[in-house]
There are 2 protein chains.
Amino acid sequence: MKMRPFKVSDPKPQVEPALDQGQIVQAALGLLDEVGFDSLTMRSLAKKLDIQAASLYWHVRGKQHLLSLMAEEICAPMGEPDRTLPWRNQLEVLANEYRRVLLAHRDAARVLARSGAPSGPNRLRLTEIVLRTLLDAGFGHKDAAYAGFLLNDYVTTFVLEETQDANAEAESAADSGVQNWVKALPPNDYPSIVALADYLMELDVDERFQFGIEILRNGLETHLARRKA
Amino acid sequence: MKMRPFKVSDPKPQVEPALDQGQIVQAALGLLDEVGFDSLTMRSLAKKLDIQAASLYWHVRGKQHLLSLMAEEICAPMGEPDRTLPWRNQLEVLANEYRRVLLAHRDAARVLARSGAPSGPNRLRLTEIVLRTLLDAGFGHKDAAYAGFLLNDYVTTFVLEETQDANAEAESAADSGVQNWVKALPPNDYPSIVALADYLMELDVDERFQFGIEILRNGLETHLARRKA
DNA sequence: ACCTGAACACCGTTCAAGT
DNA sequence: ACCTGAACACCGTTCAAGT
């Protein structure tokens with residue numbers, strides 16, 4: 001609870017502002033980790049800062065704007081892959097790094113999903129790297145753009161789903177989750193679902209993530225090969 | 001839409017209920033198309049039905065439940081692909097059909113995204129068909145399950161993004177959308193983004209959808225070929 | 001059995017007013 | 001320039017009470 005520093009010798013003895021935008025965003029990320037996306041409200045954030053909710057609107061245009069600032073901060077720790085690696089490996093590293101970054105804060109994927117198109121430097125740098133990697137690999141402009149969407153959407157959706165499942169499991173007391181429920185389906189109507197029940201709830205999320213990456217990587221590879229031929 | 005049958009000779013001639021669950025869901029879908037997801041509230045739905053908001057809770061457990069009923073109804077028109085087709089084509093038909101169904105109602109993808117795991121017959125049948133197609137194609141149980149997730153997530157995310165972009169464009173007066181803004185970025189920092197600006201806003205959504213499908217199809221194909229070998 | 005009135009506990013946002 | 005008080009226009013949900 002920061003006291004506002006009062007300098008006696010200050011020539012312009014103004015009180016310096018209690019909070020700036022950066023502090024608000026930091027507090028919002030802290031609150032996000034504590035209470036989750038649904039409980040992150042302007043009012044709860046204000047309370048955490050010992051301030052009135054209306055005061056936030058001096059520093060931030062609105063909740064939408066706050067979310068996009070949070071998205072920027074979330075993406076700050078993104079590291080770049082080694083450019084000397086083959087492009088397939090660069091994409092793999094990139095995807096895993098992005099997922100790691102999204103898992104670093106609770107519900108971060110939901111923040112990203114509602115924060116609009118990237119406009120800040122961190123998120124722009126992230127998309128720049130993806131697109132550059134694809135261009136370097138030899139994709140044409142259109143294909144590189146489309147593939148960029150594809151990769152970005154894959155990771156964000158995956159983490160979104162992965163964390164929402166975790167939330168759902170946490171609130172429903174059922175330990176084994178979907179499994180028993182799926183297995184109770186009429187096997188005559190849904191033979192494939194019942195047969196695959198073991199793999200339809202998330203046993204090994206990491207494995208499933210790598211599977212998707214591999215499919216995308218393979219698909220892009222053959223697409224590239226055909227274009228070049 | 002089960003009407004409760006009214007027999008004239010009924011010994012207990014009670015007034016029949018003003019609404020049942022089916023009517024509520026139909027009204028909700030109608031309202032969704034009129035006002036969009038954000039304006040679809042329990043209260044606005046009640047007003048449309050000339051009823052108190054509290055009355056809805058007699059027929060429906062809550063908004064969450066209503067959304068899952070809506071999701072079921074949205075997926076009702078899903079058609080099955082011809083099983084004699086090669087599996088790659090079946091998947092292609094399936095993906096396009098699913099997208100068509102999601103585009104048939106305003107913000108349908110958002111409804112699906114917030115309606116929880118499929119539990120009703122329509123959505124279960126949809127996933128059953130996808131999984132069956134993959135199993136028939138020769139994928140193992142685990143791979144089929146993972147590929148099912150991948151395909152489902154691809155379509156829903158694509159339509160979600162596609163419709164949200166359309167919403168954003170509609171409310172901001174900027175006609176050309178992202179383009180001019182992207183092109184104003186410092187080219188030294190983001191050379192690839194600037195170079196690909198033309199393809200980064202949605203010119204031809206259909207084309208981009210087909211691109212993603214092709215990548216996934218190719219990727220699955222080589223994955224299958226390697227497993228078999 | 002089905003529906004209403006009225007409330008509870010919240011939201012995001014605005015804006016005149018204070019300092 | 002920065003922050004507060006108080007309000008506006010909403011939410012989803014509950015529940016005693018009516019018919």
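The basis for the numbers below is simple: all heavy atoms, side chains too, and nothing from hydrogens, waters or symmetry mates. The shown structure was predicted, so the numbers you read here are calculated from the model rather than taken from an experiment.
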- Task: Would you kindly give the CG-to-P distance between A/L19 and D/dA1, to the nearest whole Å?
- Result: 17 Å

- Note on the structure: When pairs are called at under 3.5 Å and a stem needs at least three consecutive Watson-Crick or G-U pairs, the stems of DNA chain D are C:4-8 with D:12-16, C:12-16 with D:4-8

- side chain to side chain donor-acceptor pair (under 3.5 Å) against B/N188, all qualifying residues, sequence neighbours excluded: none

- Query: Hey, does the side chain of A/H59 come within less than 4.0 Å of D/dC3's phosphate (OP1/OP2), counting only N and O?
  - Reply: yes

- Would you please test B/E128 and B/R123 for side chain to side chain contact (heavy atoms under 4.5 Å, CB included) and show each step? CA-CA 8 Å; B/E128 170 65 23; B/R123 293 184 66 195; over 6 Å; no

- Message: What is the distance, to the nearest angstrom, from the CG atom on B/L49 to the C1' atom on C/dT4?
- Response: 15 Å

- With sequence neighbours left out, what residues match A/F37 under ring-ring contact (aromatic ring centres under 6.0 Å, His included)? none

- Item | Sequence neighbours excluded, every pair satisfying side-chain hydrogen bond (donor to acceptor under 3.5 Å, both in side chains) that has a member inside residues 47-57 of chain B | B/E34-B/K48

- Taking atom P in both D/dC10 and C/dA9, what distance in whole Å separates the two? 22 Å

- What is the ring orientation for A/F158 with A/F209, classed by angle as parallel under 30°, tilted 30 to 60°, or perpendicular over 60°? perpendicular

- Item | N or O in side chain of B/Q52 less than 4.0 angstrom from C/dG5 OP1/OP2 | yes

- Query: Should B/W58 be listed as having a side-chain N or O under 4.0 Å from OP1 or OP2 of C/dC2?
  - Reply: yes

- Short question: side chain of B/E72, backbone of B/N122 - any donor-acceptor pair under 3.5 Å? yes

- Task: Using a 4.0 Å heavy-atom cut-off, write out nucleotides 8-19 of chain C from 5' to 3' as B (base contacted by protein), S (sugar-phosphate only) or - (no contact).
- Result: ---BBBBB----

- Task: Check step by step if salt bridge (charged side-chain N to carboxylate O under 4.0 Å, His left out) holds for A/E162 and A/R208.
- Result: CA-CA 10 Å; A/E162 149 180 46; A/R208 186 164 80 84; over 6 Å; no

Report, one line per pair, each donor and acceptor closer than 3.5 Å where one atom sits in a side chain of residues 145-152 of chain A; sequence neighbours left out.
{"from": "A/Y146", "atom 1": "OH", "to": "B/E207", "atom 2": "OE1", "distance (Å)": "2.8"}

- Item | Nucleotide D/dC3, atom P - distance to CG of A/L45 in whole Å | 13 Å

